[in-house]
Amino acid sequence: MTKKIHALIADIGATNSRVAVIYVDDLTEYHSVKIYGSSDFNSPDEIIRHYCAEHNAELPNLILLAIAAPVDLNDIQFVNNHWAFKLTDIQEKLLPAKVCFFNDVEMLGYALPYLPDTSLLQVGDGVLEEKAPKLALSLGSGVGTSLVVFHHDWLAIPSEGGHSAMMMGDDFIRNFWDYLKNSNKKALIIEDFIAGRRGIPQLIDFLTSEIVLQDEKPTPMELVERLINKKDAFAVQLFTRYCAMIGEVAKNYTLITGAKSVYLAGGIIPRFLEFFAQSEFRASFEASSSVGQLLEKIPTFVVTDPYPALTGLTRKVAYMEDTKE
């Protein structure tokens, strides 16, 4: 890299980690994105140093990391991969750089007000209210949430919604819950129903326990391919149920938080975007005998930008520079 680097930013996920740099001459854009398999490394600092070595760059003075875990405590334990580390250890290993940690869905939320319309696909009706609260729901290996509110400026409040209990919205969810409970699951959370690493495989197990498949049990990625090619009735059945459950979860979070718009991000939905846009998601989201008319007015979007957390981190770098004494 010939340009001078102001900051290195990274979205550290359980499955993939995305790293980029921000140059001194333009703090509003990130450059040179590289994606790494997180499980190929032992900790985030290894990924950062590997990126710098690949790009023949020195470690910059400022590093911002968005991590797929709560960053309120020093001890980090990834639920969806083997990583366990202390934030203070990462800081020490990346000295003399200043390292700032954020929750990944917090940075997703921080990016939402700045994403162009071309990075969003609206699903269903509803009208966006300017400066009204926004709900970010990230579906990947796990499930993450944040609420974005405006008070002089935009503020993203991260939460661990994926670890809350699944509400029993209909008979299918109740039957799925019973199946998981009878499979010796000690505690059932939303990630058990809609997360990529646990939810979809368990949904496959549940549905195949009720029917006889002619072939071997498919993997989630095989089902996505079959869904896209429209060649598999089982794939259509499974993802119809899956999209409806996402609508149920999004509805409950919306009613609890008071959000006036919902943004679905992460690596799962974009794989079958056309199907999702025409699925039961929106009908499930609006279904309510008491507040259905309220839910009908709330727009829901799919974030199609592949790196929204990097956009959030870039905005954070610019904010840090603007407010620095």
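Start at 1 with the first residue, then count along the sequence.
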Counting distance only, does the side-chain N/O of [X] pair as donor-acceptor with the main-chain N or O of [Y] below 3.5 Å?
| X | Y | value |
| --- | --- | --- |
| T240 | V236 | yes |
| E46 | F41 | no |
| S146 | V105 | yes |
| Y242 | I194 | yes |
| D45 | K93 | no |
| T314 | E29 | no |
| Q77 | W83 | yes |
| S141 | G196 | no |
| D11 | I67 | no |
| S284 | F281 | no |

Give a yes or no on this: more than 12 heavy atoms of other residues, nucleotides or ligands lie within 6.0 Å of atom [atom1] of [X].
| X | atom1 | result |
| --- | --- | --- |
| N61 | CG | no |
| D40 | CG | yes |
| H82 | NE2 | yes |
| Q202 | CD | yes |
| D125 | CG | no |

Measure the shortest side-chain to side-chain distance between [X] and [Y] over non-hydrogen atoms and say whether it is less than 4.5 angstrom.
| X | Y | value |
| --- | --- | --- |
| L295 | F285 | yes |
| I90 | S43 | yes |
| S164 | S159 | no |
| S17 | P44 | no |
| L62 | L8 | no |
| I190 | F193 | no |
| F150 | K134 | no |
| L59 | Y51 | no |

Please round to the nearest 0.5 Å and tell me the distance separating atom [atom1] of [X] and atom [atom2] of [Y].
| X | Y | atom1 | atom2 | result |
| --- | --- | --- | --- | --- |
| R18 | K34 | CZ | NZ | 14.0 Å |
| C100 | Q91 | SG | CD | 8.5 Å |
| E321 | I22 | CD | CD1 | 10.5 Å |
| L64 | K98 | CG | NZ | 8.5 Å |
| L313 | Y307 | CG | OH | 14.0 Å |
| I63 | I5 | CD1 | CD1 | 10.0 Å |

Check your understanding: Would you call R174-D171 a salt bridge at under 4.0 Å N-O?
Key -> yes
Hydrophobic cluster membership, [X] vs [Y], 4.5 Å side-chain cutoff:
| X | Y | result |
| --- | --- | --- |
| L120 | V148 | yes |
| V33 | L115 | no |
| L188 | F206 | yes |
| Y319 | W154 | no |
| Y110 | V149 | no |

Review point. Of Q122, R282, K251, which is the lone residue that meets side-chain hydrogen bond (donor to acceptor under 3.5 Å, both in side chains) with T300?
Key: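 Of Q122, R282, K251, side-chain hydrogen bond (donor to acceptor under 3.5 Å, both in side chains) with T300 is met by R282 alone.
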List the atom of [X], the atom of [Y], and the distance in Å for their closest heavy-atom pair.
| X | Y | answer |
| --- | --- | --- |
| P158 | E106 | CB-CB, 3.8 Å |
| I47 | Y36 | CG2-CD1, 3.7 Å |
| C243 | F276 | SG-CD1, 3.4 Å |
| G109 | A136 | CA-CB, 4.2 Å |
| L135 | A259 | CB-CB, 3.6 Å |
| A235 | L223 | CB-O, 3.6 Å |

Both conditions, 6.0 Å and 45 degrees, for the charged tip of [X] above the ring of [Y]: are they met here?
| X | Y | result |
| --- | --- | --- |
| R315 | Y114 | yes |
| K4 | Y23 | no |
| R241 | F172 | yes |

Exercise for review: Report yes or no: do T304 and S119 form a side-chain donor-acceptor pair below 3.5 Å?
Suggested key: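 Distance-only check fails for T304 and S119.
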Exercise for review: Would you please say whether a donor-acceptor pair under 3.5 Å links the side chains of H50 and E54?
Suggested key: yes
Check your understanding: Between Y263 and F301, how do the two ring planes meet: parallel, tilted or perpendicular, split at 30° and 60°?
Key ->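 Plane angle under 30°, so parallel.
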Point to revise | Residue of the set R197, K181, R198 for which salt bridge (charged side-chain N to carboxylate O under 4.0 Å, His left out) holds with D192 | key: R198
Exercise for review: Decide side chain to side chain contact (heavy atoms under 4.5 Å, CB included) for L264 and V123; before the verdict, give the C-alpha distance in whole Å, the side-chain angles of both, and the deciding distance to 0.1 Å.
Suggested key: CA-CA 10 Å; L264 305 171; V123 178; over 6 Å; no
**Study point:** Check against side chain to side chain donor-acceptor pair (under 3.5 Å), T88 and N74
**Key:** CA-CA 7 Å; T88 49; N74 187 38; 3.2 Å; yes
